[in-house]
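Have a look at the structure below before the remarks.
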Amino acid sequence: MPMIRETIVTTVNRDGHMHIAPLGIIADGEGWILAPFRPSTTLENLSAVPFAVANYTDDVRIFAGCLTGRHDWPTTASDTVPVPRLEDALAHVELTVDRVSDDDQRPRFHCRVVHRGSHAPFEGFNRAQAAVIEAAILVSRLHLLPREKIESEIAYLEIAIGKTAGIAEQQAWGWLMEKIRAHYAENRANSR
Ligand SMILES: Cc1cc2nc3c(=O)[nH]c(=O)nc-3n(C[C@H](O)[C@H](O)[C@H](O)COP(=O)(O)O)c2cc1C
């Protein structure tokens, strides 16, 4: 299996309107593959404007925020591509799409790194950050996974939150738990 790095990917549409989404970028030699599912804004944007920025951040509120309707994070112009980057990213890579392997479910955009930037030091691992990212992935699959699996995985991840979270991680976790509760409450209402 290739290595996957969990990042915040920024893209733009033809009008220059930016979109922010968490994406696992797949190592591909010196470059990266972006594999957005159909349908998604990231996919539409990459098809229209073949550039992206992969932002490396330890602010897990951005991962949880994007999955809970909070898309408004500060950005700034990139150095070489017409796509903004996250202002508070620790580092980022600017990508151009070299070629696309089409697929009914998940086309793959093979990207070349055209610029790298480093902005702030990486200050070590935090288990609660990893737990928030795992929970964000579960939230992105709420409609696909059985409720028991979601609940048992959340129960396990919550241990790291309780033991190691700072304020940002607690906030991100709260947003995700709220979304899970709302999802099951809505499902119950619909099945009545
Ligand atoms: C850590 C993480 C990694 C993700 N990786 C992918 C991915 O590789 N491809 C994808 O389509 N969605 C991925 N998702 C889900 C997307 O972020 C989410 O569904 C998003 O809304 C994509 O659709 P959009 O471009 O319309 O916003 C990931 C979510 C998380 C939390």
Side-chain angles (χ1 to χ4, degrees), residues 1-28 31-73 75 83-86 89-93 95 97 100-111 125-145 149-150 153-154 156-158 160-161 165 168-169 171-180 182-183:
M1 284 293 284
M3 196 267 278
I4 295 180
R5 206 172 274 287
E6 306 304 343
T7 68
I8 302 294
V9 167
T10 40
T11 53
V12 291
N13 69 11
R14 277 210 181 85
D15 300 331
H17 186 79
M18 186 194 56
H19 184 70
I20 301 185
L23 227 72
I25 62 171
I26 304 162
D28 182 32
W32 295 97
I33 295 170
L34 274 50
F37 283 100
R38 285 181 197 279
S40 66
T41 306
T42 303
L43 173 58
E44 276 173 33
N45 286 0
L46 282 172
S47 305
V49 182
F51 300 100
V53 175
N55 298 273
Y56 302 132
T57 179
D58 60 359
D59 186 348
V60 291
R61 291 175 307 174
I62 306 176
F63 288 85
C66 286
L67 287 161
T68 56
R70 298 166 173 90
H71 290 275
D72 203 11
W73 301 95
T75 57
V83 178
R85 68 169 177 86
L86 287 181
L90 301 179
H92 79 282
V93 289
L95 303 168
V97 177
V100 186
S101 330
D102 207 0
D103 185 82
D104 284 347
Q105 286 190 330
R106 205 176 176 189
R108 292 160 71 90
F109 294 80
H110 297 255
C111 298
F125 295 107
N126 169 251
R127 290 176 58 204
Q129 289 172 348
V132 168
I133 289 173
E134 289 302 322
I137 290 175
L138 291 174
V139 165
S140 76
R141 297 179 185 164
L142 278 178
H143 54 298
L144 299 173
L145 296 173
K149 182 173 169 68
I150 299 278
E153 298 212 1
I154 290 295
Y156 175 71
L157 294 170
E158 202 159 27
I161 298 294
E169 292 74 29
Q171 189 174 31
W173 186 259
W175 293 342
L176 294 171
M177 295 309 106
E178 199 175 55
K179 172 97 179 195
I180 294 174
H183 173 81

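Quantities reported herein were computed from a predicted structural model and do not represent experimental measurements. Order of listing sets the numbers, starting from 1, for every ligand and every atom in it.
Enclosure of atom CG in D72 is not indicated, since only 12 or fewer non-hydrogen atoms of other residues, nucleotides or ligands lie within 6.0 angstrom. Heavy atoms from other residues, nucleotides or ligands lying under 6.0 Å from CZ of R106 number more than 12.
Side chain of R38 to backbone of D104: a donor-acceptor contact under 3.5 angstrom is found.
Shown in contact with T41 at under 4.0 Å from a heavy atom are these atoms of ligand 1, numbered in order with element: 24 (P), 25 (O), 26 (O). Close approach to R106 involves these atoms of ligand 1, each under 4.0 Å from a residue heavy atom: 7 (C), 8 (O), 9 (N).
In terms of protein heavy atoms, atom 24 (P) of ligand 1 is closest to H19 NE2, 3.4 Å. Among protein heavy atoms, atom 25 (O) of ligand 1 sits closest to T42 OG1, 2.6 Å. Nearest protein neighbour of atom 10 (C) of ligand 1, counting heavy atoms only, is F37 CD1, 3.5 Å. Counting protein heavy atoms only, atom 5 (N) of ligand 1 is closest to G24 N, 3.1 Å. Counting protein heavy atoms only, atom 3 (C) of ligand 1 is closest to E6 OE1, 3.3 Å. Here the heavy atom of the protein found nearest to atom 23 (O) of ligand 1 is S40 CB, 3.5 Å. Closest to atom 14 (N) of ligand 1 among all protein heavy atoms lies P22 O, 3.5 Å. For atom 2 (C) of ligand 1, the nearest non-hydrogen atom of the protein is I137 CG1, 3.6 Å.
Using a 4.0 Å cut-off between heavy atoms, L67 contacts ligand 1 through its side chain alone, with no backbone atom that close. When heavy-atom distances to ligand 1 are checked against a 4.0 Å cut-off, A35 comes that close only through its backbone atoms N, CA, C and O.
Under the 6.0 Å distance and 45° angle rule, R70 counts as a cation-pi partner of W175.
Of the N and O atoms on the side chains of H19 and T10, not one donor lies less than 3.5 Å from an acceptor on the other residue.
Here the closest non-hydrogen pair linking I133 and E6 is CG2-CG, 4.2 Å. What you find for W173 and E158 is that their closest heavy atoms are NE1-OE2, 3.7 Å. Here the shortest heavy-atom pairing between P22 and I8 reads CA-CD1, 4.1 Å.
Distances from atom 19 (O) of ligand 1 to the protein include no heavy-atom value under 4.0 Å.
Annotation: side chain of T11 is not in contact with side chain of V49 (no heavy-atom distance under 4.5 Å).
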